[in-house]
Trainee: 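Here you go, one structure.
All values below come from the heavy atoms of this structure, side chains included, with hydrogens, waters and symmetry mates left out.
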2 protein chains.
Amino acid sequence: MKKSLLIPFVLAPMAIPSVQGKEQVRKDQTEKRPNIIFFLVDDMGWQDTSLPFWTRKTHYNEEFETPNMERLAAKGMMFTQAYASSISSPSRCSLLTGANAARHCVTNWTYPKNEQTDSPSSVFKVADWNVNGICEVPGISHTFQVTALPELLKENGYHTIHCGKAHFGAVDTPGESPYHFGFEVNIAGHAGGGLASYLGEDNYGNRTDGKPSPAFAVPGLEKYWGTHTFVTEALTLEAIKALDHAKEYNQPFFLYMAHYAIHIPIDKDARYYQKYLDKGLSPKEAAYAGLIEGMDKSLGDLMDWLDKNGETENTIIIFMSDNGGLASQPDWRDGTPYTQNSPLKSGKGSAYEGGIREPMIVSWPGVVKPDTKCDKYMIIEDFFPTILEMAGVKHYSTVQQVDGKSIVPLLTQAGDPSNGRSLYWNFPNNWGNTGPGIGPTCTVRKGDWKLIYYYDTGKKELFDIKEDIGEKNDLSLQHPDIVKRLSKDLGRYLRKVGGQRPTFKATGLPCPWPDEIDR
Amino acid sequence: MKKSLLIPFVLAPMAIPSVQGKEQVRKDQTEKRPNIIFFLVDDMGWQDTSLPFWTRKTHYNEEFETPNMERLAAKGMMFTQAYASSISSPSRCSLLTGANAARHCVTNWTYPKNEQTDSPSSVFKVADWNVNGICEVPGISHTFQVTALPELLKENGYHTIHCGKAHFGAVDTPGESPYHFGFEVNIAGHAGGGLASYLGEDNYGNRTDGKPSPAFAVPGLEKYWGTHTFVTEALTLEAIKALDHAKEYNQPFFLYMAHYAIHIPIDKDARYYQKYLDKGLSPKEAAYAGLIEGMDKSLGDLMDWLDKNGETENTIIIFMSDNGGLASQPDWRDGTPYTQNSPLKSGKGSAYEGGIREPMIVSWPGVVKPDTKCDKYMIIEDFFPTILEMAGVKHYSTVQQVDGKSIVPLLTQAGDPSNGRSLYWNFPNNWGNTGPGIGPTCTVRKGDWKLIYYYDTGKKELFDIKEDIGEKNDLSLQHPDIVKRLSKDLGRYLRKVGGQRPTFKATGLPCPWPDEIDR
């Protein structure tokens with residue numbers, strides 16, 4: 001397990017010493033604070049929407065229909081270079097902690113306790129990563145100890161609601177439960193990172209014959225079993241009930257709306273399927289389009305709730321995906337493998353843009369200018385300080401070191417935190433699916449340059465992302481100086497934060513850091 | 001709403017700055033810490049057990065059967081003078097906060113938001129008490145802001161489980177949910193302070209015909225609906241599942257096992273009912289005895305779980321009731337009203353011993369001497385600092401002022417925190433049921449003396465509790481000096497902590513404090 005710098009966890013004073021008034025108030029809570037909805041889609045690619053995040057519309061933008069994403073974008077700011085990790089758990093753990101995946105070392109997807117989910121490789125042994133995920137208490141093997149975002153929001157007066165997929169910690173560890181991280185409501189979240197079924201008719205994968213349900217059966221939606229309610233809709237209905245309830249409380253709310261959609265299996269949503277067939281999509285693609293539109297409807301339903309309840313002007317909505325669209329599994333979708341995020345290369349699990357670049361929108365009435373676009377880059381751990389800043393939480397401390405930077409200056413167009421900044425990824429793992437950029441890698445992006453280093457082969461690739469968004473032209477041989485500079489930057493960072501690397505099976509030696517080899 | 005002194009809420013450092021070892025550890029968590037089960041029974045009287053808490057056995061001790069309470073007492077220490085408030089919410093709020101009811105001002109039972117549950121009186125208007133209960137966030141009308149016991153235990157590494165009746169805050173306020181107070185698991189707890197039905201056959205009071213369920217329908221036990229599972233058993237089965245789960249976590253656990261039993265309605269538990277009829281009890285008393293034995297079986301089942309799982313030696317069990325046995329409702333039980341806690345006078349809702357003296361046992365292997373008895377007095381808010389001390393939580397701060405004193409010295413027989421101490425009660429309310437000592441009162445106990453002051457009549461009563469446990473001989477006229485001294489003590493305390501008092505309807509003036517009138 002990784003070593004980690006521990007920061008003393010001292011909370012800022014949360015109450016003023018003596019109040020003579022009628023109500024007990026905390027100084028930083030006297031101002032009205034915004035509600036925050038973090039709308040996170042699972043495995044959604046950059047092209048899985050009718051809203052173009054690229055400079056031009058693609059055929060996917062024509063096929064898919066996401067009117068509510070368009071509605072949200074018209075009210076807020078689109079980010080064209082928003083990054084996450086290429087796999088779910090690393091992204092979600094970064095989001096909840098502000099720590100880069102290289103630091104928290106939850107670098108692959110979690111589920112079984114004390115077990116690596118990596119596929120075996122004959123060449124290398126994957127790093128001894130934190131297979132049990134994140135955890136708020138110390139002493140739990142193979143976890144990264146944290147002070148989680150919802151915990152801080154709860155402590156600062158927010159009513160905290162978790163809805164959908166959690167995937168923060170392995171089963172049978174404390175972090176399997178959203179309640180462990182300061183959520184006060186949990187709808188259907190557990191250790192599982194996927195879902196057995198979208199269908200109410202299938203009880204979302206739960207068995208009723210007394211035999212054990214599969215690991216990814218969705219928990220907690222019993223009341224919809226046997227109905228025609230798609231899981232995306234069931235989650236939305238339950239989230240809205242939680243919001244109705246939250247409205248009774250005199251507190252701002254934080255709704256973490258983390259859909260299971262659009263993770264595989266690509267079940268057919270009867271509300272949309274025929275429409276997409278009629279549009280000419282293949283059955284697989286029509287089903288996929290239905291998953292997307294169902295998710296988009298959920299966004300619209302939440303926005304409608306805000307409108308109806310007079311909360312629109314006081315609510316921030318952040319739209320994000322946790323990793324790139326799945327493009328390495330030909331049995332699930334049609335089209336040439338690895339092209340479904342085009343113009344981005346590859347997809348989920350890959351170091352290429354298709355694995356890590358996400359559709360992202362932020363609406364913040366009165367603060368973010370409507371219908372704007374930001375081409376600066378940011379990364380998923382940035383949400384941690386950003387959301388705390390949005391919530392007016394100025395004084396806080398955390399067990400973990402926070403790597404993320406607030407993107408509020410980008411939102412207010414008051415500054416550019418991405419200027420001169422390097423973004424880092426570390427994946428000393430073996431996901432299982434194969435394809436371009438999928439393998440044990442570490443990556444750095446600085447300015448327009450992006451360097452990918454393959455731990456197992458020592459290969460380095462250099463791309464000018466601005467000129468070559470599809471990562472077709474490896475410029476590493478043309479620019480050895482840049483390769484060297486970025487390798488050094490990346491190697492230093494990984495060592496500094498306690499990043500991990502695989503080991504060669506043949507020699508038992510660790511794979512070199514990127515700045516330990518030249519090519 | 002009451003004013004309250006706010007203490008700055010600064011948590012002690014929870015992590016040491018830098019650890020080079022394999023695991024991240026917190027200094028005060030390196031020692032093995034005990035599991036804690038707080039087993040709280042609702043409305044259980046001092047005589048509702050086969051275990052005699054008095055100096056001799058009563059006929060109730062002969063009728064009721066609580067072998068597991070006897071088993072627990074043989075392992076630990078019985079307290080013969082353990083006190084609570086005379087009503088549920090005040091006791092539970094004191095337990096979770098360490099604050100005396102005079103301070104937290106949740107002085108009557110809570111349920112509807114912003115509404116007093118008091119019965120109207122033609123003579124007085126009850127105090128503007130905190131009808132919405134306790135709450136961890138500021139700014140919620142008519143609540144007492146707190147840092148709750150489970151929150152502190154969670155922050156210090158405990159896995160926190162709530163099972164059963166909560167009753168900490170009014171419906172539609174944040175405090176209605178145990179998750180709001182740092183519990184990580186909640187089984188069947190909500191704003192309700194009672195239960196619509198004990199019977200699985202009745203779905204615990206939940207309606208399935210589409211019409212709204214009654215307020216006190218027990219939530220969250222859907223899987224037992226339509227079965228023959230008595231609610232006490234269902235809660236125990238679920239608590240044991242939570243313990244099985246907790247065992248997977250490398251954390252000590254805090255199980256707050258707060259039974260709905262033995263609150264009215266006195267439903268028949270088919271497992272026990274006939275046995276008590278055969279013993280010669282009347283149908284009502286046989287049903288009541290069944291509620292008690294079912295509760296006792298739950299205690300035994302938890303103790304069996306500890307034995308089977310090797311956790312007995314590392315688990316503290318605290319047995320307690322939240323107020324006296326119900327004795328003012330002749331339609332529910334047989335016998336002369338107000339005698340069912342005999343030798344104690346009156347029952348639930350009363351300032352007499354029958355309303356406030358509770359059966360209490362603590363087992364703490366290796367620390368508390370088995371089969372011992374403590375005749376020193378203590379009060380329910382003492383559990384707050386006691387449990388934190390048991391858990392090894394040395395450094396903590398709270399929003400609220402803590403009035404309770406740790407009773408660890410009593411448990412270890414190393415000291416007597418009750419020596420020279422006054423205990424205080426304040427009930428500026430009108431419960432509804434009538435009977436001896438039931439009405440707007442404040443009370444002080446110091447040494448063997450107990451003074452009760454009736455706000456509405458100005459009457460004072462003085463008892464020598466040691467000599468007159470049944471409070472038959474009012475000695476106030478014989479000892480005006482003691483009446484005066486205790487009145488002063490009580491009046492000073494109530495004013496100091498922001499205690500409230502009723503107002504006379506005729507004049508609009510507040511009822512005098514006990515030290516403002518002589519008689």
Trainee: Give, as side chain, backbone, both or neither, the part of A:Thr173 having an atom under 4.5 angstrom from any heavy atom of chain B.
Mentor: backbone

Trainee: Against A:Glu155, only a single residue in B:Glu151, B:Glu155, B:Glu136 fulfils side-chain contact (heavy atoms from CB on, under 4.5 Å); can you say which?
Mentor: B:Glu155

Trainee: So which bits of residues 238-249 of chain A come within less than 4.5 Å of chain B, counting non-hydrogen atoms only?
Mentor: A:His245, A:Glu248, A:Tyr249

Trainee: Given the options A:His159, A:Glu184, A:Lys113, which has more heavy-atom pairs under 4.5 Å with chain B than any of the others?
Mentor: A:Glu184

Trainee: Considering all heavy atoms of both residues, which atom of A:Gln251 and which atom of B:Ile140 are nearest to each other, and what is their separation?
Mentor: CG-CD1, 4.3 Å

Trainee: Can you tell which of B:Phe181, B:Tyr179, B:Phe183 has the highest number of heavy-atom pairs within less than 4.5 Å of chain A?
Mentor: B:Tyr179

Trainee: Which one, B:Ser177, B:Gly182, B:Pro174, B:Pro178, leads in non-hydrogen pairs under 4.5 Å with chain A?
Mentor: B:Pro174

Trainee: Ignoring hydrogens, what is the shortest heavy-atom contact between B:His180 and A:Lys154? Give both atom names and the distance.
Mentor: O-NZ, 3.1 Å

Trainee: To the nearest 0.5 angstrom, please state how far the CG atom of B:Asn250 sits from the CG atom of A:Asp172.
Mentor: 13.0 Å

Trainee: Does anything in residues 217-227 of chain B get under 4.5 Å of chain A by heavy atoms, and if so which residues?
Mentor: none

